[in-house]
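In what follows, chains are A, B, ... by sequence order, proteins preceding strands, each numbered from 1.
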2 protein chains.
Amino acid sequence: MNRKATALDVAKLAGVSRSAVSLVLNGRGDGNVALESQQRIREAAAALNYSPNKIALSLRNRQSRIIGIVSDQVVTSPFDGNIIAGADAVAREHGFVTVVMDTELDGSRDEGAVETLLDRQVDGLMYVTVGLRPLHVPANMDRVPAILANCFDDRPEAVVPAVIPDEVRGGREAAEHVMSLGHRDIAFLAGDSLTPAAPRRIEGYRSAFLHAGLPVNEARVLQVGWDIDAGFHGTMKLLDGVEPARRPTAILCANDRLAIGVVLACYRLGLSVPQDISVMGYDDEFRIAKAMVPALSTMALPLREMGAAAMTSLLRDVDRQQAPDDGGTAAPGGKEPRSGTSAETMVPCRLVVRDSTGQVPAGR
Amino acid sequence: MNRKATALDVAKLAGVSRSAVSLVLNGRGDGNVALESQQRIREAAAALNYSPNKIALSLRNRQSRIIGIVSDQVVTSPFDGNIIAGADAVAREHGFVTVVMDTELDGSRDEGAVETLLDRQVDGLMYVTVGLRPLHVPANMDRVPAILANCFDDRPEAVVPAVIPDEVRGGREAAEHVMSLGHRDIAFLAGDSLTPAAPRRIEGYRSAFLHAGLPVNEARVLQVGWDIDAGFHGTMKLLDGVEPARRPTAILCANDRLAIGVVLACYRLGLSVPQDISVMGYDDEFRIAKAMVPALSTMALPLREMGAAAMTSLLRDVDRQQAPDDGGTAAPGGKEPRSGTSAETMVPCRLVVRDSTGQVPAGR
DNA sequence: TTGAAAGCGATACCAG
DNA sequence: CTGGTATCGCTTTCAA
């Protein structure tokens with residue numbers, strides 16, 4: 001429990017000066033410090049279990065190698081934690097550490113979180129949300145390099161770059177998957193329109209019909225909510241007391257929990273999945289989609305990839321800002337702050353086919 | 001994007017020395033600095049939007065006001081995030097910030113995480129796990145005040161204190177709940193014995209029978225796993241093709257996902273919940289238990305409370321260590337390092353009654 | 001009442 | 001090749 005060894009301790013033990021210690025331990029010893037001294041220094045460092053005090057380093061280098069992450073409720077809720085995991089993995093690879101502040105959906109805490117993080121001299125800032133949504137970027141967030149993950153700058157000029165999933169394409173590919181199994185009467189249970197995720201997935205669903213030259217039956221799109229019970233009751237509305245020939249043959253859901261409700265309702269009505277009706281989830285929620293009975297076909301959100309992509313891009317900006325301008329600055333065209341990259345990076349979702357989708361029943 | 005203002009900037013603007021700024025801004029101005037100067041200093045600070053550089057503070061005070069949290073997979077998985085949320089809330093109240101490192105279940109990364117955190121000069125360390133389990137405490141973790149949440153020191157001497165849920169009592173109260181509804185033939189679907197959570201819950205289940213003066217039917221305890229499909233197949237084994245009078249009337253599950261599987265199986269068999277059979281979950285998983293059809297009766301894990309309790313205790317130790325010994329040290333009895341507290345703090349679970357449990361069917 | 005100076009731990013420059 | 005010294009931003013003595 002005794003205090004850690006400092007460079008001075010090492011120097012004393014090795015009988016040299018602090019500077020020598022610094023040089024040797026940073027690989028700049030050769031040609032500067034006598035080999036014999038180097039040896040002694042290394043031994044002393046090992047003996048004392050020396051490692052430099054990162055706080056002192058931060059002060060001196062004016063960079064903390066800390067990335068601040070503000071989350072709206074990623075920590076508290078069971079969702080989207082993999083965005084942070086992906087981001088953190090990349091940060092760690094680069095010798096950065098992340099500190100996460102969760103506002104638990106209290107928007108008034110945004111600025112405070114950013115302020116706290118800035119006081120801690122973070123080198124960069126990331127904002128992560130549960131579910132795709134527009135973000136009112138907190139003040140001062142742009143004082144250091146910043147990026148958004150799973151949300152996007154709500155200002156028309158979109159100052160802060162963002163990494164988001166390609167929900168439109170996800171919705172479309174989900175629909176195309178069941179179409180490829182022969183389904184034509186396909187319902188969509190779709191969360192709500194409070195966040196852009198559901199509307200975008202619906203847009204993809206519509207575009208699948210358009211591309212297939214099929215009409216879209218708007219009555220098949222139900223914005224019911226996001227939870228199990230919503231899926232259950234939505235399905236009851238779609239199927240209960242409806243003659244078989246007029247039932248949809250497939251139900252697409254805006255997330256996996258809705259799909260649980262759908263299957264629950266099907267079983268209650270004595271229907272089999274996927275023999276009588278095909279069901280698809282969305283998200284590929286850990287320990288849910290794969291473990292369902294039947295295992296859910298779903299559209300996996302690329303959470304880890306999003307986090308990793310966001311952090312990669314952020315660290316590039318951090319480097320760029322800290323390195324004094326070199327080389328290419330004389331390029332014609334001038335100032336471009338973000339080197340021509342679009343402000344929004346789209347990451348594709350991934351179709352996962354399991355057991356809840358099957359061929360359309362004969363005669364439909 | 002320009003660098004933040006320093007105390008020197010404030011001093012210059014106010015026409016005083018750095019020391020005066022420091023004094024005033026830390027409330028020690030009265031009696032040391034002229035009121036007029038104080039006013040000017042405060043104005044200057046506000047004008048420059050000054051706030052002290054925490055890194056410099058940390059270096060000077062030899063304390064970072066950072067608590068390091070090592071998690072085995074709390075960040076990555078959808079579970080138990082509320083432990084961290086609870087811990088973080090308490091930390092924030094006390095002006096601390098937490099930095100979380102997730103090892104993603106790779107035990108070999110434990111020591112590295114602790115090392116990294118220690119290099120960052122954290123004032124304290126917490127280890128958080130998904131699901132109760134014994135922990136092989138990483139080396140060096142005891143170089144600063146430390147605590148475990150949802151896990152416990154696997155060494156017989158139990159050096160590091162821990163905060164864990166009272167699983168035995170939880171299991172017992174779950175069983176007592178359905179007993180109070182008249183059930184006597186109660187099955188338990190129980191995860192596995194790889195972690196102590198399921199065995200302890202089973203132990204509670206048994207003790208409920210003992211206290212009620214009823215025999216325990218060991219054939220009713222099935223260690224099937226933790227996921228939806230395990231619940232489904234376990235239930236099938238219990239109910240499918242079994243004559244009604246020989247079926248259990250209630251099924252207790254070691255978590256809420258198992259309960260989903262149970263209900264799924266019941267529906268498939270044409271059984272109603274809770275009319276034909278009562279089902280109970282465990283955990284009160286967010287967006288699952290409450291949203292199920294029917295809404296699940298369950299035993300809520302006190303995650304937030306555990307995190308908060310662990311952090312409260314940890315910060316007390318941090319304070320104690322940093323404050324030089326004052327007053328009471330002369331108390332008789334001497335050294336006691338942990339002021340007599342037991343190393344393991346148990347937090348009770350909370351019974352949540354919803355719609356999946358009901359009176360035992362007539363005649364059973 | 002105020003300002004000057006010392007140190008927290010590490011690095012990098014620059015004389016020696 | 002080496003060791004002294006300034007610096008990062010802040011607090012806290014200590015003299016004036």
Whole Å only: how far is the [atom1] atom of [X] from the [atom2] atom of [N]?
X	N	atom1	atom2	answer
A:Leu48	C:dG9	CG	C1'	15 Å
B:Lys54	D:dC8	NZ	C1'	17 Å
B:Lys12	D:dC10	NZ	P	12 Å
B:Arg40	C:dT1	CZ	P	14 Å
A:Gln121	D:dC10	CD	P	8 Å
B:Arg120	C:dG9	CZ	C1'	15 Å
A:Arg62	C:dT11	CZ	P	16 Å
A:Gln38	D:dC1	CD	C1'	11 Å

Would you kindly compare A:Leu35 and B:Arg60 by the position of their nearest DNA chain D nucleotide and give the one closer to the 5′ end?
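Between the two, 5'-proximity favours A:Leu35.
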With a sphere of 6.0 Å drawn around CD of A:Glu36, does it hold more than 12 non-hydrogen atoms of other residues, nucleotides or ligands?
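No, because the 6.0 Å sphere around CD of A:Glu36 holds 12 heavy atoms or fewer from other groups.
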Does B:His94 NE2 have over 12 foreign heavy atoms under 6.0 Å away?
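Correct, the count exceeds 12.
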Decide, yes or no, whether a salt bridge links A:Arg92 with B:Glu104 under the criterion of side-chain N to carboxylate O below 4.0 Å.
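Here A:Arg92 does not pair with B:Glu104 in a salt bridge, since their nearest N and O are not under 4.0 Å apart.
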Any ion pair linking A:Arg316 and A:Asp319 (charged N to carboxylate O, less than 4.0 Å)?
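No, no charged N to carboxylate O under 4.0 Å.
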Within less than 4.0 Å of OP1 or OP2 of C:dA10, is there a side-chain N or O belonging to A:Tyr50?
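Looking at the OP1 and OP2 atoms of C:dA10, one of them is under 4.0 Å from a side-chain N or O of A:Tyr50.
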With a non-hydrogen cut-off below 4.0 angstrom, is B:Ser58 in contact with a base, only sugar-phosphate, or nothing?
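Touches nothing.
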Which part of the nucleic acid, if any, lies within reach of A:Leu57 when heavy atoms closer than 4.0 Å are counted: base, sugar-phosphate only, or nothing?
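Sugar-phosphate, backbone atoms only, no base.
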Side chains of B:Asp80 and B:Asn150: do they bring a donor and an acceptor to under 3.5 Å?
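There is such a pair between these side chains.
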Exercise: do B:Asn140 and B:Glu115 side chains pair donor with acceptor under 3.5 Å
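Judged by distance alone, the side chains do pair up.
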When you get a sec, tell me which of D:dG9, C:dT2, C:dG9 is the closest nucleotide to the side chain of A:Thr6?
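Nearest nucleotide to the side chain: C:dG9.
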Near DNA chain C, counting only heavy atoms under 4.0 Å, which residues of residues 14-31 of chain B show up?
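Under 4.0 Å from DNA chain C: B:Val16, B:Ser17, B:Ser19, B:Gly31.
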Please list, in numerical order, the residues of residues 111-119 of chain B that have a heavy atom closer than 4.0 Å to any atom of DNA chain C.
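By residue number: none to list.
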With nearest nucleotide decided by heavy atoms, which residue, B:Ala56 or B:Asn32, maps closer to the 5′ end of DNA chain C?
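Looking at DNA chain C, the more 5' nearest nucleotide goes with B:Asn32.
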Would the distance check show the side chain of B:Arg304 and the main-chain N or O of B:Asn82 forming a donor-acceptor pair, the cut-off being under 3.5 Å?
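No: the side chain of B:Arg304 does not pair with the backbone of B:Asn82.
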Does any N or O in the side chain of B:Asp153 come within less than 3.5 Å of the main-chain N or O of B:Arg155, such that one atom is a donor and the other an acceptor?
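Here the side-chain-to-backbone pair exists.
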Please identify which of these residues, B:Asp72, B:Asp110, B:Thr103, meets the side-chain hydrogen bond (donor to acceptor under 3.5 Å, both in side chains) condition with B:Tyr127.
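Filter result, single survivor: B:Asp110.
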